[in-house]
Amino acid sequence: MPIIEVKNLSKHFGAIAAIRDVSFEVEEGTIFGFLGPNGAGKTTTINILCTLINPTSGSAAIAGYDCTEDSSIVRKSIGIVFQDTTLDRDLTAYENLMLHAYLYNLKKSEMKDRIHDALHFVGLYDRKDDTIKKFSGGMKRRLEVARSMIHRPRILFLDEPTLGLDPQTRANLWEYIVDLPKKHNVTIFMTTHYMDEAEVCDRIAIIDRGSIIAGGTPEELKKTVGGDVIHIKTSDNTRARDELEQHFSLEVSEENGELYFTSSRGDACIPEIIQTLGKTVHSVRLQRPTLNDVFLNMTGKKIRDEKMSSSDTLKEDVRAYRRRFGRS
Amino acid sequence: MVEVNAIYVLVARELIKFFRERARLVSTLARPVIWLFLVGGGMSRLVTPGEGVSYMQFIFPGILGMTILFSSIFSSISIIWDKEFGLMKEILVAPVSRLSIVIGKALSGTIVSSIQSTIILMLFPLLGIKMGALSILYVLAIAFLLSFTISSLGIIIATFYESFESFSAIMNFIVMPMFFLSGAMYPVNKLPEILKYISQINPLTYGIDALKHAMFQSSSMVDFSLITDLFVLSVLSMIFVTIASFIFERKK
Ligand SMILES: Nc1ncnc2c1ncn2[C@@H]1O[C@H](COP(=O)(O)OP(=O)(O)OP(=O)(O)O)[C@@H](O)[C@H]1O
Ligand SMILES: [Mg+2]
């Protein structure tokens, strides 16, 4: 039996349909990635699964228990790292973990060890008596991941766990996270904007504007792109483009003075192309498809567009504002 | 179902924060002291309640009520801060009954408020009020009960607001009217008819009345019987706690 079962789930906020008819399943002990651009409905789905809000229609169940009807049973088996910090900034790191341990009714004899282990694990033991006010964004994130595992949940929800972290901290955190399923036999449900991070997932679902538009293993999804992407630079791009389209009946696009197209026979077609185009070729580059290409292919846009729409910028501003002043 | 551990840790959290923030302690204690000596001192030239009781003595139960009102409400509406800064989500996803969360929050406010009113109560010799050990205990017990009632009311108020911009609205439209229509500064039976009616649905009225019972022997100072006061406060507490946990139970 799958540990998470979501069937025809919809949630409306007034006139806005945050998610529409979403269905998926997650097997126990796997890492499941939920990918999508801003406002796609990722957080809304997590909020329903972790019993914070009720769906408008459809059902969500965890380990066979309905998230709406049996919320108190569901709460016992889940751990969550929310998108925005949920630490008490006036308490110390240690006190925050204590608060958690008491809320989850841990045995007194276990509390200290678990908390000490957790602090050591994320390398914050020597900062345990500092209040959260004095923590950087990365330290808070690490502490929250540690906190979410203290009560040994069966399922861990991570809503953009590495948002706003530097590459090194991100790498460290992932090292810790990918070990969890084997170490504690926990199932992970995560969302992320960073496509390279999604490579660690066993299965992925891509959600856009409230609906799931694709699902599968990272490999399966990459196959849907239709092969490798080949980039070519020539001295006369217009002519080269015509010839490629005629001889190989390919669909060729141009970006930054470079031609590119997808080919199912990747490396094998490179010699033929060079033969056809002759000396005009400056360089040829072959790229295996990434999840970013999958996303581009499915939605027609990059998951993290350089230019954010104004409402997204606003959202980022609000988050930055909260980070700066909210917890000062 | 009530989880003792969760209630304990919610109260402990509030106390840690309370003692860590000395400024809050000073500022919440300063308000009643200023009212007592500046307003009370000034008004005592104009008003004489009679029966050998000075105006400063007359308003002392009201000043205790004010201490309780402000610190209980302030403590409970910190829930709005918790929503804003996210900690409320951590509490709401925990496997803890919503009743325990409400009781934990209400007790947090009650204990903080009781500590503050105890400090204010110790001013009584300065005002020439005579109280024996037993009366002091009565006063403290009533202060505890009243703090619980007001704290649980504060939780209900907090559930209606999402951000702390609403703080001044709560202060101006709920807290200040509750204070002035409670018999703290003037006897309820001297109010105009309509205001008298409002004051009778104000829990603070009964709390301050009970404090007057415990502090003064003279019966002309009070509006209701002590039994009525205690009964109203206890029943209201239960109603408020029930409503609050019901609101918490209901999800968006
Ligand atoms: N409480 C709410 N009230 C009204 N609308 C909401 C609420 N929560 C979410 N929405 C709307 O639902 C949609 C999905 O939001 P959601 O937070 O689930 O997106 P997301 O995929 O998590 O995005 P992001 O990557 O920016 O975190 C958005 O259009 C959002 O404006
Ligand atoms: Mg989100």
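Below, chains carry the letters A, B, ... as their sequence lines are ordered, and counting in each starts from 1.
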Undergrad: To the nearest 0.5 Å, how far apart are CZ in B:Phe85 and OG1 in A:Thr85?
TA: 11.0 Å
Undergrad: Write down the atom of A:Thr86, the atom of B:Glu90, and the distance for their closest heavy-atom approach.
TA: O-CB, 4.0 Å
Undergrad: With a 6.0 Å cut-off (strictly less than), is the heavy-atom count around OH of B:Tyr138, excluding the residue itself, greater than 12?
TA: no
Undergrad: Could you look at A:Thr131 and say if it's the side chain, the backbone, both or neither that has a heavy atom under 4.5 Å from chain B?
TA: side chain
Undergrad: Given a strict heavy-atom distance threshold of 4.5 Å, which part of B:Ile91 is in contact with chain A: side chain, backbone, both, or neither?
TA: both
Undergrad: By side chain to side chain contact (heavy atoms under 4.5 Å, CB included), which residues pair with A:Arg152, not counting sequence neighbours?
TA: A:Arg114, A:His184
Undergrad: Select one option (side chain, backbone, both, neither) describing which atoms of A:His100 are under 4.5 Å from chain B's heavy atoms.
TA: both
Undergrad: Are the side chains of B:Arg20 and A:Asp90 in contact, using a 4.5 Å heavy-atom criterion?
TA: no
Undergrad: Can A:Asp88 and B:Lys17 be counted as an ion pair, charged N to O under 4.0 angstrom?
TA: yes
Undergrad: What is the minimum heavy-atom distance between B:Val96 and A:Leu103, and which atoms define it?
TA: CG2-O, 3.3 Å
Undergrad: How about residues 59-71 of chain A versus chain B: which residues have heavy atoms under 4.5 Å apart?
TA: A:Cys67, A:Thr68, A:Ser71
Undergrad: At a heavy-atom distance under 4.5 Å, which candidate from A:Ile73, A:Val74, A:Ile80, A:Leu91 has the highest pair count against chain B?
TA: A:Leu91
Undergrad: I'd like to check B:Leu87 versus A:Leu99 (side-chain heavy atoms, cut-off strictly below 4.5 Å). Are they in contact?
TA: yes
Undergrad: Heavy-atom distances under 4.5 Å only: say whether A:Thr92 touches chain B with side chain, backbone, both or neither.
TA: both
Undergrad: Please give me the minimum heavy-atom distance between A:Ser72 and B:Pro95, naming the atom from each residue.
TA: O-CB, 4.3 Å
Undergrad: Indicate yes or no: does A:Glu95 engage B:Arg13 in a salt bridge with an N to O separation below 4.0 Å.
TA: no
Undergrad: For each of A:Met98, A:Lys76, A:Arg147, tally heavy-atom pairs with chain B at distances under 4.5 Å, and name the one with the top tally.
TA: A:Arg147
Undergrad: Is B:Ile16 close to chain A through its backbone or its side chain, or both, or neither, when contacts mean heavy atoms under 4.5 Å?
TA: side chain
